[in-house]
Amino acid sequence: MVEAYLRQSPLSQLALPSRIAAEHGNTGVTMAERQFRRIVNLRGNPKSEEFTKAVKSVLGADPPLMPNSVNTGKDITLLWLGPDEWWIITDADTAPVADKLREALAGQHAVVTDVGEGYTCIAASGASAADTLAKGCTLDFHDSVFAPGSCAQSDMAKAVVVFHRLEADKPSFEIYVRSSFAEYLWRWIENAAEEYGVAVTQ
Amino acid sequence: MKSRYSIFSLMRNALSYHEKWPEAWRSPEPKPSYDVIIVGGGGHGLATAYYLAKLHGIHNVAVIERGWLGGGNTGRNTTIVRSNYLWDESAALYEHALKLWEGMSQELNYNVMFSQRGVMNLAHNQHDLRELSRRINANRLNGVDSEFLTPQQIKDLVPIIDLRGNGRYPVLGASMQRRGGTARHDAVAWGYARRADEQGVDIIQECPVHGFEIENGKVVGVQTAKGLIKAKKVGVVVAGHSSVMAEMAGIRLPLVSHPLQALVSEPVKPVIDTVVMSNAIHAYISQSDKGELVIGAGVDKYVGYGQRGSLPVTEETLAAVCELFPSLKRMRMMRQWGGIVDTCPDASPIISKTPVEGFFINCGWGTGGFKATPGSGWVFADTIANDRPHPLNEAFSLERFNSGYLVDEHGAAAVAH
Amino acid sequence: MPARFRLTQGGLIDRSKPVSFQFNGKVYLGFEGDTLASALIANGVHLVGRSFKYHRPRGIMSAGAEEANALIQVGEGARSDPNLRATQIELVDGLVASSQNCWPSVEFDVSIVNNFASRLLPSGFYYKTFMWPASFWMTYESAIRKAAGLGKAPEGPDPDSYDKTFAHCDVLVVGAGPSGLTAALSAGRAGARVILAEQDNALGGDLLSEADAEIQGQPALEWVEGARAELEGLENVRILTRTQCYGYFDHNFIGLMQNLTDHLPQNAKPASLPRHRLWKLRAKQVLLATGAIERPLVFSDNDRPGIMLASACRTYVNRYGVKPGKKAVIFTNNDGAYAAALDLHKAGIHVAAIVDLRSDPEGPMTEQAREAGLRILGNHAVIATAGDKRVKAVLVAPLSEDGEKVYGGGEKIDCDLVAVSGGWNPTVHLHSQSRGKIVFDDDYACFVPGTPAQESVTAGACSGNFGLGACLTQGHDAGIATAAKTGFKAKGRKRAPPKAEDRNFLPARWMWLVPGDKPLGHGGKHFVDVQNDVTAADLHLALREGYRSIEHVKRYTTTGMGTDQGKTSNVNAIGIVAGHFGCPIPNVGVTTFRPPYTPVTFGVFAGRDVGDLLDPVRKTPMHALHEHAGAAFEDVGQWKRPWYFPIAGEDMHQAVNREVKACRDSLGVMDASTLGKIDIQGKDAAEFLNRIYTNAWSQLKVGACRYGLMLGEDGMVMDDGVTSRLGENHFLMTTTTGNAAPVLGHLEEYLQTEWPELEVYLTSVTEQFATISLAGPNARNLLAELTDIDLSAEAFPFMTLREGTAAGIPARVFRISFTGDLSYEINVPASYGAALWQTVMTAGEKYGITPYGTEAMHVLRAEKGFIIVGQETDGSVTPFDLGMDWIVSKKKDFVGRRSLFRADMSKDDRKQLVGLLTDVPEQVLPEGAQLVEKVEDKPPMKMLGHVTSSYHSPNVGRSIAMALIKGGRARMGSKLYAPLADGKVVTCTVTGVVFYDKEGERTRG
Amino acid sequence: MLEINCPYCGPRFETEFSYGGEAHIERPKDSENLTDEQWGDYVFMNSNTKGVFLERWVHTSGCRRWFNVARDTVSYQILAVYETGAKPPKLDLRNDV
């Protein structure tokens, strides 16, 4: 039996834990990998009450209908990805959630797919986080445009990513990227943040 | 013939303070009718007119240009000349052009500065190498000079190249056509114009075309800013605007017009003597006699009739250039511009009769038009004069998009497995 | 001790901070705040370069971005920059600069002979000669190339780094002169997000060159200081100095280049700070306050060192506290230049005369000059200048009524400085780049912005508004207006714009070509473009020869095509052309303004996207293990795939042979994770596949797999792969590695745009799974040890899939094969890929488990005659050409079907896929070799097709190859020849494409 | 760098999108009965309009939805954005060449 501890995250080769500095004074950007996020991709027709009801019943939260918006339920975050597509993100095992959803949506034109294994999440926060991301992304990260608690799909450098700006006192972004691009993107962002001072955190 | 250009005529005219030089071409008012009207005063159109007169004895010809001679892609390209095309049909056409290039300055008595400094196509991975070998062998057996260069041979010819390509795009080899090179683009238009004019061709600039007169399926004239001009035959060769012109004659074409971008650096002393092309990373570079690095970039993906390129394309191209030539990072872009290229689904031109009798079209050269200039004019003139395609352009008919016999020069897409 | 030409006081330089620098090997001293130009002038150095063509001595003609003469090579080796404008190089300690385009030295340049031979070198001379003998052009050319070019390219890889960033704002203000500052202030106060970009290192624009300008009753620079302070206090305003707005693109997208470290001494540059930054800015509104550039006069020998723009003289005196000369002559056609005369006078420079083309000079400044007792020669012209490396004297003479000629031999006036003014040209470059029209203003004789084409406005001198007061007001109002357009109404009581005196440079007498004492071109050169050595006579020659369009004139004479792109020459050229035709200037038109406004570093466009960040390197979950195993990698798209796994001392050939044999004899293992995987669900999933693939899918059983071929609408093969039915309405499609994204795009396109009625959802799951492929007779034995799935041939037949566990990991196992051997593909959650790989390797030791790479895979599949899309196909190949008619359904429509039945598709001379066996079994045909039926003794030879794949196959015990051959299937058994580059000819025989296990027992067993 | 207003995600930069060429060209249902000319016209021919052009884009790096755009191919100005399958909005479709 292969033990769970043998799981490897896409950034495991960078040995980030060994680089976590106890003290990172006034660095403009701090970065971390948020490993093994469970992500369920949900497709369905939001105009169908049957669909939204079913989702709500399982997740305790509505699928967000506003573009680039985020809803949260108990231990669960829902990102709007498109007019008929959402991400359900949890830190717990998704299998139950996914199965419950499939059950609740049975017979509808709706689809539930596990995709978390294909991604990892890079967290970047700090006073210069937005300036750093702006170097590789065309989005306007200004508070008035990309407010805390919203999300967006876009390109970061040459990788397709999903941004989630957290509700936090200092600018904090989570960047979901396909595993195979993770090392490239991490190094790109770290390089871009260099002039502001960058440190690895928990 | 009018005064011949030579070092002696230069000295003679120096004595008269260069005040006695005659016009290189007249600027006449259009006659009421012509045997042939060529629409488009670029290199291809002027060459067509010249060969119609010179080789087919048709002197009652007008070239009608919307703006100024060579103002389209003739004056906007990166002046690369080569003939190392993959398919037999293309190789034959471009090789015919290359042979004409080799004698052009003398033929036109106008120095077009055709410089056979060699054209190199780089291979960056196994797939590139396989394609390269296929192409080199095909060229060779078609009688087109083409050879394989090892990385070391490349380095010897282009010392500033970085063969490692930082591991991402290593230079594994190249195909080399030594007879390929560059030329002075404006001079090609001016040289053909001067000679065509000498042959009696009327060159009419600043004369936009508004439409074509077609009577029961046959073209009889051209509506222009200077009024209706009658014509027995009309040849349209207006790179970029081919679809617009064809539509005026009720003909649909399989073209998409894209802005193609190019740029030059500030002039510096010679650092690169060969033309280096890398399709994988979209960069073509050579150095002009003036010392400018002339760099060809990619096309914008959307239909565009604006003669300007977008910033992302510049970024991609110059990143590639900095990758291949790390010492050029500090060089500076002095000027950038765009030309409108009309591209065919199979990346090959259309030189063809059309459903309209007496109406001929020459278009779809995509990014490859300049190098074909003399050959294109030569076969187009032959096709117009004889009302049938010359064997060299038979394969490039409009018909092929119905029958399916395309000449696909895209080459293979990236290898899959 | 201070330099000889440094004024004892004044200027914005920091006299407490001396700066030492080198020019042409000599060490000089300047001050912080100097430019290289001002420091050289302070040291009495005026000869700084040589012109492009005639190698004539060239000095400093301006004090800004328009400089066409003083182009300097700065730095050495890999950090050397050619063609920098001395007028914009901030003086930094340790700066090493040198003149360009001269040998052996700028003082004595042998190529000056070109100047004496200049009669033989008119515009376009090179089009008329160097043609005989034909073969000699390359020889002439190499000499021409050596002579041409200006500076030298850097030597060696650039050690510096570059940055680029996207940015967004409500209002971009370009230029921090008076109008730019009031604009930024009023827009900023309204609360709009403002970016103020200034090319200079300081705010103030022309005010920095003014001695006694006042705003709101206080010295102008004090007002500027206040403005700066207020702007910096506004958190919604960002000031970018040393930032050149170089390009105005579509949809209000702007390119700016910011210089971050060039002005710092090498040892003071922060390591983490990039050298330059490219700003890619989207602005809701653009406010152009780019000012104006003074225009030189075109007169005889107007190019000598010491001849400079009048405004530049003011800048050197007032901003840098240097004397551009000891004895000055002012040559002007307008009132504005008198300000320069007065400033020079005040600075203790003897103003020998003001030569004014105007018949009776008048105007506010003119009056002040009169009062100051300066000598004014009205209706006079400078008709010649003397002096080799520095102007020594000018010849002045009275003008005729019409200004066409001059009278008398003229009066000689000694001087070492000629301050020239021919009027002003608004800097309309960016407005024009934005596709805004420009129109000619007859009063000011210059081009001014017409109606904007995008969301932009112009203010100040840039809009043809030359008075200081007017500039302040216009900027102020424009700032309010643009902010309002972006939703920010000015708050509180309406503020009045700051007040200042209003005067411009009128009255003026416009004259594009100042007559000399000889006919044009008969001695004496009237330079229009000083960098490219283009004279008025050259322009006339071009017109005479029929190059009438201004674009022809430009291209034939190269006027305005230098590094300055004609900032000081274009309008004069147009004026001279109009004069020649006797037509109004608008009839001549203008040449297009193209980006960049000033040259931009290549490196900044690349930014950090160079080296290993140029392009993503995609890695599979097992990548590190492959590296550890010493794999050689192959690039497949952005992926790195193991190519082969050499063990000690093996070359590629040996390694591949070993891997290939292992897969047939015992057990091989490969990382197949890169294959594209698309999850297809919905009640119409099967129907969707029917329309996408050439073959039928409705009947496929749940738990079964099928090979599919996908075409483009043109009927050509686009991709292939195995698709499995996971449930009634659930399929998993695999694509080739390189086509994963394009295929998903293709599917979405048809689903959304052609067949929206189909209830299907597509999700890419390529990276959700790690895929390990076991191949070889022992595949089942090994897998049996690791899984709970019944692997018996009956329970788990070929082309089916089962779900269970592998090494305790939830797994989906496919019994499919690309090697033609007993084979299983195990899919597990990606994060377990590495663990499973290690487990498999350990458990497989007893079978001598052998990891194999893409090369071995190629050989194995070739032994079986399986195609690889992109190798056996090239976008011109149909399923029929591949002999795969069996997979093309006759019963249904599918993408590309109709194209297969076009006239030329059934021709029997189409290229068809066949096998080739060389007569000499050891001989391996090179891939890409072309094949002929008959070998001629020399080209051309009629080719039938080419070798697509070719390998040595240890399992077949000989070389094998596949090829696309015209009418190939009809040629079975016939001989073909491959004439190779080295002259050798390989003889081979046409066969079928399957070379090994033709019945396919091994796969099914 | 164009700014395209994705009907689903809002205004984004050109680089997030892929181009799909001319809009409103419907795939023939009965390709069986088409002549080679008719089929060739569908597959290859293109009006390649100079002026206002109705074209398809897909938000590749965003919601992956296809939609239509009315764009002037000379000024590059975008006049309208509308969903796939919807009728083009009323526009002055003269090709101001």
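Keep in mind that what you see is a predicted model, and the values were worked out from it rather than measured. Every heavy atom of this structure was used, including side-chain atoms; hydrogens, water molecules and symmetry mates were not. Protein chains get the first letters and strands the later ones, always in sequence-line order, with residue 1 at the start of each.
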Please classify the contact of [X] with chain C as side chain, backbone, both or neither, using a heavy-atom distance under 4.5 Å.
X         : value
Leu141(B) : both
Gln205(B) : side chain
Ile272(B) : backbone
Leu132(B) : neither
Ile295(B) : side chain
Phe8(B)   : neither
Asp289(B) : both
Gln287(B) : both
Asp88(B)  : side chain
Ser288(B) : backbone
Arg184(B) : side chain
Ser27(B)  : side chain

[X] versus chain B, the contacting section by heavy-atom distance below 4.5 Å:
X         : value
Asn532(C) : side chain
Ile254(C) : neither
Ser80(C)  : backbone
Arg861(C) : neither
Ser549(C) : side chain
Lys907(C) : neither
Asp714(C) : neither
Thr563(C) : both

Should the heavy atoms of other residues, nucleotides or ligands under 6.0 Å from CZ of Phe633(C) be counted, would the total exceed 12?
yes
Against chain B, work out which of [options] has the most heavy-atom pairs shorter than 4.5 Å and name it.
options                                    : value
Gln565(C), Met905(C), Met941(C)            : Gln565(C)
Val617(C), Ile144(C), Thr948(C), Val604(C) : Val617(C)
Gly546(C), Ala78(C), Pro599(C)             : Pro599(C)
Lys164(C), Glu155(C), His276(C), Gln433(C) : Lys164(C)
Phe130(C), Tyr127(C), Phe125(C), Tyr547(C) : Tyr127(C)

Has Arg12(B) got its NZ or CZ under 6.0 Å from the middle of the six-membered ring of Trp21(B), at an angle within 45 degrees of the ring axis?
no
Taking the six-membered ring of Phe52(C) as reference, does the cationic atom of Lys290(B) (NZ for Lys, CZ for Arg) lie under 6.0 Å from its centre and within 45° of its axis?
yes
Where do Val869(C) and Asn739(C) come nearest, in terms of heavy atoms and distance?
CG1-ND2, 4.2 Å
Under the 3.5 angstrom rule, does the side chain of Arg308(B) hit a backbone N or O of Asp250(C) as a donor-acceptor pair?
no
Is the distance between the ring centroids of Tyr126(C) and Tyr140(C) under 6.0 Å?
no
Side-chain ion pair, Asp160(C) and Arg330(B), N-O less than 4.0 Å
yes
Stepwise, does the salt bridge (Lys or Arg N to Asp or Glu O under 4.0 Å) test hold for Asp162(B) with Arg164(B)?
CA-CA 6 Å; Asp162(B) 176 2; Arg164(B) 295 169 301 107; 3.1 Å; yes
